[in-house]
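Residue indices begin at 1 and follow the sequence shown.
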Amino acid sequence: VQLQASGGGLVQAGGSLRLSCAASGRTFTSNFVAWFRQAPGKEREFVAAISTSGQNTVLPKSMKGRFTIARDTAKNTVHLQMSSLKPEDTATYYCAASEDVLPPGDQIPGTRQSEYRYWGQGTLVTVSS
């Protein structure tokens with residue numbers, strides 16, 4: 001699975017952005033998909049993940065209510081909608097996909113980087129104060 005992340009940019013604090021993770025080469029409806037982010041000088045951290053069915057999502061407490069993750073199966077894309085952005089959200093955001101989950105369904109996706117095999121190139125989000 002090849003992943004292409006897009007949608008990053010410069011936004012003011014309090015604003016919104018929608019990131020997209022598009023898969024090519026095959027569909028990724030049998031894969032968990034997650035977003036991670038890495039700020040300069042910091043370790044990469046988990047942001048959100050979605051099950052193969054799209055019915056289950058996992059987000060850290062600090063991001064619940066501000067970020068949502070959703071699948072657009074028709075476009076073979078997963079979106080990360082971010083709102084009420086803060087300067088501390090500034091980071092490069094990476095999307096990642098797991099190995100095939102068989103059979104696909106409502107299994108809860110993981111939050112660790114090691115659980116994701118395929119990675120996109122990252123898209124930079126900068127939030128100004």
Side-chain angles (χ1 to χ4, degrees):
V1 179
Q2 293 179 319
L3 304 176
Q4 178 75 36
S6 62
L10 175 63
V11 63
Q12 288 190 329
S16 300
L17 275 178
R18 188 176 80 159
L19 305 184
S20 298
C21 179
S24 61
R26 47 161 283 190
T27 64
F28 60 176
T29 52
S30 296
N31 309 86
F32 296 144
V33 178
W35 287 92
F36 293 83
R37 70 184 184 185
Q38 188 167 20
K42 295 189 176 181
E43 293 188 353
R44 193 171 296 186
E45 65 173 339
F46 171 74
V47 174
I50 191 164
S51 64
T52 56
S53 69
Q55 295 301 307
N56 286 319
T57 61
V58 179
L59 293 95
K61 274 188 181 178
S62 61
M63 294 167 198
K64 283 184 179 178
R66 298 195 302 126
F67 293 6
T68 58
I69 184 171
R71 287 186 180 269
D72 183 341
T73 303
K75 295 184 178 179
N76 207 28
T77 299
V78 169
H79 298 293
L80 179 70
Q81 180 68 48
M82 307 185 294
S83 59
S84 302
L85 284 163
K86 306 174 183 179
E88 51 264 44
D89 294 317
T90 294
T92 298
Y93 285 69
Y94 299 89
C95 65
S98 68
E99 295 273 15
D100 286 359
V101 178
L102 298 173
D106 292 330
Q107 298 93 327
I108 304 298
T111 63
R112 296 175 297 179
Q113 295 179 57
S114 59
E115 297 176 273
Y116 293 87
R117 175 178 179 182
Y118 307 101
W119 289 80
Q121 85 291 0
T123 185
L124 178 62
V125 172
T126 304
V127 184
S128 64
S129 57

Counting only heavy atoms from other residues, nucleotides and ligands, does the tally under 6.0 Å from CZ of R18 exceed 12? no
Between V127 and T90 the two heavy atoms that sit nearest each other are N-OG1, 2.8 Å
Which pair of non-hydrogen atoms, one from A23 and one from R26, has the smallest distance, and what is that distance? CB-O, 3.9 Å
[Y] backbone acceptor or donor facing [X] side chain under 3.5 Å:
X: S62; Y: P60; answer: no
X: R37; Y: A91; answer: no
X: E43; Y: A39; answer: no
X: N76; Y: T73; answer: no
X: T123; Y: G8; answer: yes
X: Q121; Y: A5; answer: yes
X: Y116; Y: G110; answer: yes

Working for side-chain contact (heavy atoms from CB on, under 4.5 Å), residues E115 and F32: CA-CA 9 Å; E115 297 176 273; F32 296 144; over 6 Å; no
Is [Y] reachable from [X] through a run of I, L, V, M, F, W or Y residues, each pair having side-chain heavy atoms under 4.5 Å apart?
X: L59; Y: F46; result: no
X: V78; Y: M82; result: yes
X: L19; Y: F28; result: yes
X: L3; Y: W35; result: yes
X: V11; Y: Y93; result: yes

Let me see the working for D100 and R117 under salt bridge (charged side-chain N to carboxylate O under 4.0 Å, His left out), right down to the final yes or no. CA-CA 10 Å; D100 286 359; R117 175 178 179 182; over 6 Å; no
Would you say [X] and [Y] make side-chain contact, with heavy atoms under 4.5 Å?
X: Q2; Y: Y118; result: no
X: I50; Y: N56; result: no
X: Y94; Y: V47; result: no

Within this structure, what is the [atom1]-[atom2] distance for the pair [X] and [Y], rounded to the nearest 0.5 Å?
X: K75; Y: S20; atom1: NZ; atom2: OG; result: 8.5 Å
X: R66; Y: S83; atom1: CZ; atom2: OG; result: 7.5 Å
X: Q4; Y: C21; atom1: CD; atom2: SG; result: 9.0 Å
X: L17; Y: L80; atom1: CG; atom2: CG; result: 9.5 Å
X: Q38; Y: L124; atom1: CD; atom2: CG; result: 12.0 Å
X: E45; Y: Q113; atom1: CD; atom2: CD; result: 10.0 Å

Can you list the steps and then say if I108 with S51 is a side-chain contact (heavy atoms from CB on, under 4.5 Å)? CA-CA 6 Å; I108 304 298; S51 64; over 6 Å; no
For the residue pair F36 and W119, categorise the inter-ring angle as parallel (less than 30°), tilted (30 to 60°) or perpendicular (more than 60°). tilted
Regarding S98 and N31, do their side chains bring together a donor and an acceptor under 3.5 Å, going by distance alone? no
Please determine whether side-chain contact (heavy atoms from CB on, under 4.5 Å) holds for the pair T52 and T29, giving the CA-CA distance in whole Å, both sets of side-chain angles, and the decisive distance to 0.1 Å. CA-CA 5 Å; T52 56; T29 52; over 6 Å; no
Apply side-chain hydrogen bond (donor to acceptor under 3.5 Å, both in side chains) to T77 and D72, showing your working. CA-CA 5 Å; T77 299; D72 183 341; 6.0 Å; no
Please walk me through it: do H79 and I69 pass side-chain contact (heavy atoms from CB on, under 4.5 Å)? CA-CA 6 Å; H79 298 293; I69 184 171; over 6 Å; no
